[in-house]
Asker: 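One structure follows; several queries about it will come next.
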Amino acid sequence: MDLRTLLSGEDPVHIARQLIGVELYTHIDGRETAGLITETEAYWAPDDRASHAYGHRRTPRTEPFYARAGTSYVYLCYGIHELFNVITGPQGVPHAVLIRAIEPTLGVPTMLARRHMESLKPQLSRGPGVLSLALGITRAQNILDLLDAESPVQLRAGAGPQVQADVVCTPRIGIDGAGPEWAAKPWRFYRSGTQYVSRLNAF
DNA sequence: ATTCCGATGCGCT
DNA sequence: GCGCATCGGAATA
């Protein structure tokens, strides 16, 4: 199945799982960087209270949710961090997958420089905020078609679909404010055994 | 116009 | 484990 078809699917939780292992590539400020997605979370609006598009909320910020599957959604969190999401689902159905960590595959020196780090360590790109720093992603990359080969930010099908046993499933991070019902949903996924995962001890 | 607060990360204890 | 930076979106008035 091609990526566009996958991302257009009805079930963002399934898509979040399938995105583990897919490559996220950027060509920003004249530098190429990329990594394999190791950690994701699904956001299932309109029902999901943890989503910015809860209840079909439609404002300038949530506009990307109503674009076609494969569109980027980048927003500012805590006034500091740029968080990168992939819009999924049939057009007009505001589903999204938050990318929380990647394992670098291209442009490590560039990423190290952007992170002001000397040597390659997992904290280079684990966590949704620092992942964007490493890849050079900011709100300037909001609302891009991630499946367009001309786009400065792209999703590229990688080593093929992951085996289910290789992926761990847990509740999502940092959404207690959405209430216990939504905070408990096991909609976070990460590659089993990888060092490129945020908050490994959270559960 | 004002207020509230968040899908985080880092440094310090 | 804890405090806090930092700011824009969204709701309220």
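In what follows, chains carry the letters A, B, and so on, assigned in the order in which the sequence lines appear, proteins first and then strands, with residues in each chain numbered from 1.
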Asker: Applying a 4.0 Å non-hydrogen cut-off, can you work out what A/Gly177 is touching in the nucleic acid: base, sugar-phosphate, or nothing?
Answerer: nothing
Asker: Not counting sequence neighbours, which residues clear side chain to side chain donor-acceptor pair (under 3.5 Å) with A/Asp145? List them please.
Answerer: A/Arg4
Asker: Could you list all N or O pairs between the protein and nucleotides 11-13 of chain B that sit under 3.5 Å apart?
Answerer:
none

Asker: Could you pull out the protein-nucleic contacts involving nucleotides 1-4 of chain B (nitrogen or oxygen on both sides, under 3.5 Å)?
Answerer:
none

Asker: Could you tell me the separation between the CZ atom of A/Phe65 and the P atom of C/dG9, rounded to a whole number of Å?
Answerer: 14 Å
Asker: Select one nucleotide: of B/dC10, B/dA7, B/dT8, the one nearest the side-chain heavy atoms of A/Ser51.
Answerer: B/dA7
Asker: Quick check: does any side chain N or O of A/Gln154 sit under 3.5 Å from a backbone N or O of A/Leu147, one acting as donor and the other as acceptor?
Answerer: no
Asker: Give the table of side-chain donor-acceptor pairs shorter than 3.5 Å for residues 66-75 of chain A, with sequence neighbours excluded, one pair per line with atom names and distance.
Answerer:
| from | atom 1 | to | atom 2 | distance (Å) |
| --- | --- | --- | --- | --- |
| A/Tyr66 | OH | A/His56 | O | 3.2 |
| A/Tyr66 | OH | A/Arg57 | O | 2.9 |
| A/Thr71 | OG1 | A/Arg68 | O | 2.7 |
| A/Ser72 | OG | A/Gln141 | O | 2.7 |
| A/Ser72 | OG | A/Ile143 | N | 3.0 |
| A/Ser72 | OG | A/Leu144 | N | 2.7 |
| A/Tyr73 | OH | A/His52 | ND1 | 2.7 |

Asker: Ignoring the backbone of A/Arg61, work out which of B/dT8, C/dA10, B/dC10 is nearest its side chain.
Answerer: C/dA10
Asker: Got a sec, which residues hit side chain to side chain donor-acceptor pair (under 3.5 Å) with A/Thr170, two or more places apart in sequence or on another chain?
Answerer: A/Arg188
Asker: Verify the cluster assignment for A/Val22 and A/Tyr196: are they in a single hydrophobic cluster under the rule of side-chain heavy atoms below 4.5 Å apart?
Answerer: yes
Asker: Tell me: OH of A/Tyr54 to P of C/dA10, nearest whole Å?
Answerer: 15 Å
Asker: Below 4.0 angstrom from OP1 or OP2 of B/dG9, is there any side-chain N or O of A/Arg199?
Answerer: no
Asker: Can you find a side chain N or O atom of A/Thr59 that sits less than 4.0 Å from OP1 or OP2 on C/dG9?
Answerer: no
Asker: For the atom pair CG (A/Leu98) and SG (A/Cys77), what is the distance rounded to the nearest 0.5 Å?
Answerer: 9.0 Å
Asker: Only one of A/Arg115, A/Met111, A/Arg114, A/His116 forms a side chain to side chain contact (heavy atoms under 4.5 Å, CB included) with A/Leu133, so which one is it?
Answerer: A/Arg115
Asker: Measure from the side-chain heavy atoms of A/Pro128 and tell me the nearest of B/dG9, C/dA11, B/dA7.
Answerer: B/dG9
Asker: For A/Arg199, check salt bridge (Lys or Arg N to Asp or Glu O under 4.0 Å) against everything at least two apart and list the hits.
Answerer: none
Asker: Contact class for A/Thr62 vs. all strands (heavy atom < 4.0 Å): base, sugar-phosphate, or nothing?
Answerer: sugar-phosphate
Asker: Using only side-chain N and O atoms of A/His52, determine if any of them is under 4.0 Å from OP1 or OP2 of B/dA7.
Answerer: yes
Asker: Can you list everything that forms a side chain to side chain donor-acceptor pair (under 3.5 Å) with A/Tyr25? Sequence neighbours excluded, please.
Answerer: A/Glu32
Asker: Rounded to the nearest Å, what distance is computed from the CZ atom of residue A/Arg188 to the P atom of nucleotide B/dT8?
Answerer: 11 Å
Asker: Once side chain to side chain donor-acceptor pair (under 3.5 Å) is applied, what residue pairs with a partner in residues 94-109 of chain A remain, sequence neighbours excluded?
Answerer: A/Glu23-A/Thr105, A/Glu39-A/Arg100, A/Trp44-A/His95, A/Arg100-A/Ser198
Asker: Sort me out a list of protein N/O and nucleotides 3-8 of chain C N/O pairs below 3.5 Å, or just none if empty.
Answerer:
| from | atom 1 | to | atom 2 | distance (Å) |
| --- | --- | --- | --- | --- |
| C/dT6 | O2 | A/Tyr78 | O | 2.4 |

Asker: Rounded off to whole Å, could you give me the CD-to-P distance for the A/Glu82 and C/dG9 pair?
Answerer: 11 Å
Asker: Given pairs defined as Watson-Crick or G-U wobble with both distances under 3.5 Å, what dot-bracket annotation applies to DNA chain B, with ( ) intrastrand, [ ] crossing, | other strand and . unpaired?
Answerer: ||||||.|||||.
Asker: Between A/Asn85 and A/Arg115, which has a closest nucleotide on DNA chain B that is more 5'?
Answerer: A/Asn85
Asker: Could you tell me the separation between the CG atom of A/Asp176 and the P atom of B/dG6, rounded to a whole number of Å?
Answerer: 10 Å
Asker: Which residue pairs pass the ring pair (Phe, Tyr, Trp, His ring centres under 6.0 Å) test with at least one member in residues 121-144 of chain A, sequence neighbours excluded?
Answerer: none
Asker: Any side-chain donor-acceptor pair under 3.5 Å between A/Thr26 and A/Thr33?
Answerer: yes
Asker: May I have all residue pairs that pass side chain to side chain donor-acceptor pair (under 3.5 Å) and include part of residues 77-92 of chain A, sequence neighbours excluded?
Answerer: A/Glu82-A/Arg139
Asker: Report the C-alpha separation of A/Asp48 and A/Arg172 in whole Å, then their side-chain angles, then the decisive distance to 0.1 Å, and conclude whether the side-chain contact (heavy atoms from CB on, under 4.5 Å) test is met.
Answerer: CA-CA 12 Å; A/Asp48 184 359; A/Arg172 296 175 290 179; 2.6 Å; yes
